[in-house]
2 protein chains.
Amino acid sequence: MKNKITLKELAKLLNVSVSTVSKALHDSSEISPKTAERVKELAKLHNYRPNPIAVNLKSSKSGTIGVIIPNIANSFFASVLWGIEAKAQKAGLQVITYISDESLEREQQITDMLTSGFVDGVLIAVSEETNHKKQYDHLFGLIDYNIPVVLYDRVSFDFPADKIGIDDEQTFEDATNLLQAKGLKKIGVAISIHHLGVGKLRIKGYRNALASMDDFYIANSSKPETLKTKIKKLLLEDKVEAILCADFESTMLVYRLAYENGIRIPEDIKVIGFIQGGVAKLLTPSISYVEQFPEQIGEEAVDLLVDRIEKKLTDEKPINKTVFTKLMHLESTVF
Amino acid sequence: MKNKITLKELAKLLNVSVSTVSKALHDSSEISPKTAERVKELAKLHNYRPNPIAVNLKSSKSGTIGVIIPNIANSFFASVLWGIEAKAQKAGLQVITYISDESLEREQQITDMLTSGFVDGVLIAVSEETNHKKQYDHLFGLIDYNIPVVLYDRVSFDFPADKIGIDDEQTFEDATNLLQAKGLKKIGVAISIHHLGVGKLRIKGYRNALASMDDFYIANSSKPETLKTKIKKLLLEDKVEAILCADFESTMLVYRLAYENGIRIPEDIKVIGFIQGGVAKLLTPSISYVEQFPEQIGEEAVDLLVDRIEKKLTDEKPINKTVFTKLMHLESTVF
DNA sequence: CTGAAAGCGCTTACAG
DNA sequence: CTGAAAGCGCTTACAG
């Protein structure tokens, strides 16, 4: 049951002043090699570690960044957090996590508390509610208090801060184009998150690619039963030749309905899913998927934030970064 | 661009002392109602918030707990974190997350740094490497520094701290018994994590239930190809009547191999998977699964830790808690 | 080369 | 009822 030893106690044991001990431990040139030696030896013996809280108070830095996550059960965000952690560790920063649970009110509570000085900077993916209600006052609150902010992933709105996201629109456009290039005409989309910002972008990308077409085939609903009915229509009546599934739920429904109705993947229909590689590879048949690089988003977000905190970027305009995606071909798009 | 206002500045504006301001804001009975009023008004006007770092330094508390997570990509741990967050927020604690990435060395770095006083307490699920090498010195290091520790989820080793986990052994035993009670004789297990602590417990539970039997049917390998071969043997040669899948990967392999070999679920074989409900419901056919309650583990872990931090439990022996699981019947076990 | 002093922003026992 | 003082554990400009 050791108790943490302080500078003062160390000084007393050594019969020198607190200042001397502090300087010795910081390799100050003011201190004689002999004293420095003595001090360091005893410090090591007692396993002295400066009290980080006291150091923070002196330096007016917390050595800490806040990360606001809308939904940690979403493995995308879990991976982003992983990237954040890894980078923060290298930068010697502690990461305090907050989960907004997609709630604006909770997000406001969090940012409000952060203005009191817990953290040196904030990484945030805004909640869906925030996005939907377009309420960003609490984010401006952070800026008012001079707390650097970096937006990650959910970045499609106007706000004066560095941003790092994925180009969902482009990704979907590319995927659609690719299927067209293979000669497919009737390409559909299944989506349960069409009401979310990211969902809208994905649909937009799909529409961009098919701009010259007359017909879009979109099965969209956040209600499983309705979505099921709409997907069934795509499969049985419209007889689409390919389906882009914009999320996990719609992917699984497409698989199920194809199976139940004797439609073979990929013989009768090609399928691409916006889902995690780990799951994509294990489905039967394995499904071609869009690989995202969430860890990279986390890492670059920390880089941006650190630059702002260290004022390397003072007065520079907000930076916009995009992390690319990659279409991975598995069994479901074999031609 | 506001800058945080301090007690001192507030005092100057009001022409009173810092002590008076501080006391007024804490509703001290020493202060006249009139002064208290004036102080509070100005404080509100300037949106005064005490600098948490200074408060921490005075109180020798950090108001912060550290959470060590082996692997955040594992949705089980992501959900535990969710529970931790929710409870910590209610308790007014900040959560600093650390990811050990299943590495002993990384875990040692983390615990080592935590002894310097960043946090008031630590929640940890030890890494697999730690578990495997049975190296717990760094955890004793925390204890030495009087930092309360609570172990969550990975608790099957001897260590003097509060623990909260899942009874994996019992859960698997129950699931096996249930299948037996339905008259099934040949029950197999597919598992890719048999070398991990939790995997061993699951196998043990299975063996317990079948203690009176001569034959166990276990397909175990961390290599997908080998696991595939072994599962195939269970399905085609042993012709087991049911399979318990101990993890996500083995579950997906069983589904795939059953499909490829014309074995129908549940008509020809019953399947139970140790996977997340969200995925279980979307598989074709939906798979009966063991529901765990990771949020609850997180919540109870915080409760235990807070009690220790507040010394409610001084000198009491370590507490062992278990969160129960629930078998959810879906299509894959329809009789 | 060493140490006394001031200060980071707060709280609280004590004096008046 | 108010304020001066000490102190939490550190750092650093300044004096000697």
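Reminder, nothing fancy here: chain letters follow the sequence lines and each chain counts from 1.
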Looking at C:dT2, C:dC8, C:dG3, which one has an atom nearest to any side-chain atom of A:Ser19? C:dG3

Can you tell me how far C1' of C:dC10 sits from CG of B:Leu25, to the nearest Å? 11 Å

Would you say A:Arg106's side chain and A:Asp101's backbone share a donor-acceptor pair under 3.5 angstrom? no

Side-chain contact check for A:Thr20: nearest option of C:dT2, D:dC10, C:dG9 is C:dT2

Length of the line joining B:Glu37:CD and D:dC1:C1', which is rounded to integer Å: 16 Å

Do the side-chain N or O atoms of B:Tyr48 get closer than 4.0 angstrom to the phosphate oxygens (OP1, OP2) of C:dG9? no

Figure out the CG/P separation between B:Asn56 and D:dG9, and round it to whole Å. 13 Å

Base, sugar-phosphate alone, or nothing: which one does B:Thr6 contact when heavy atoms must sit under 4.0 Å apart? sugar-phosphate

To the nearest Å, give me how far apart CD (B:Glu30) and P (C:dA13) are. 9 Å

Does the side chain of A:Asn56 come under 3.5 Å of the side chain of A:Ser62 through a donor N or O and an acceptor N or O? no

Of all the nucleotides listed (C:dT2, D:dT2, D:dC10), which has the minimum atom distance to the side chain of B:Ser32? D:dT2

For D:dA13, what is the paired nucleotide under Watson-Crick or G-U wobble rules, both distances under 3.5 Å? none

Keeping the roles fixed (side chain from B:Ser22, backbone from B:Val18), state whether a donor-acceptor pair exists under 3.5 Å. no

Would you mind classifying the nucleic acid contact of A:Val16 as base, sugar-phosphate or nothing, using non-hydrogen atoms under 4.0 angstrom? sugar-phosphate

As a test of reading the structure: which of D:dC1, D:dC10, C:dG9 is closest to the side chain of A:Leu57, going by heavy atoms? C:dG9

Nearest-neighbour nucleotide for the A:Ser17 side chain, C:dA4, C:dC1, C:dC10 considered: C:dA4

Rounding to an integer number of Å, can you tell me how far B:Ile53 CD1 sits from D:dG9 P? 16 Å

Would you kindly compare B:Ala36 and A:Ala54 by the position of their nearest DNA chain D nucleotide and give the one closer to the 5′ end? B:Ala36

Could you work out the separation of C:dG9 and D:dT2 based on their P atoms and round it to a whole Å? 25 Å

Between atom NZ in A:Lys8 and atom C1' in D:dG9, what is the gap in whole Å? 9 Å

Among C:dT11, C:dG9, C:dT12, which nucleotide has an atom closest to any side-chain atom of B:Asn51? C:dG9

Sticking with atom P, work out how far D:dC10 lies from C:dC1, rounded to a whole angstrom. 25 Å

Given atom CG of B:Leu10 and atom C1' of C:dG9, what is their separation to the nearest angstrom? 12 Å

Looking only at side-chain atoms of B:Ser60, point me to the closest of C:dT11, D:dC8, C:dC1. D:dC8

Using a cut-off of less than 4.0 Å, is there contact between a side-chain N or O of A:Ser59 and OP1 or OP2 of D:dT11? no

If you go through the side-chain atoms of A:Lys58, does one of them form a donor-acceptor pair with the base of C:dG7 closer than 3.5 Å? yes

Give the rounded distance in Å between these two atoms: NZ of A:Lys34 and C1' of C:dT2. 13 Å

Regarding B:Lys321 and the six-membered ring of B:Tyr152, is the cationic atom NZ or CZ under 6.0 Å from the ring centre and inside 45° of its axis? no

Using the rule side-chain hydrogen bond (donor to acceptor under 3.5 Å, both in side chains), only one of B:Gln135, B:Glu107, B:Gln108 pairs with B:Thr130; which is it? B:Glu107

Side chain of A:His26 (C-beta onward), nearest among D:dT11, C:dC10, C:dC8: D:dT11

Would you mind classifying the nucleic acid contact of A:Pro52 as base, sugar-phosphate or nothing, using non-hydrogen atoms under 4.0 angstrom? nothing

Treating B:Glu9 as the side-chain partner and B:Thr6 as the backbone partner, does any N or O pair qualify as donor plus acceptor under 3.5 Å? yes

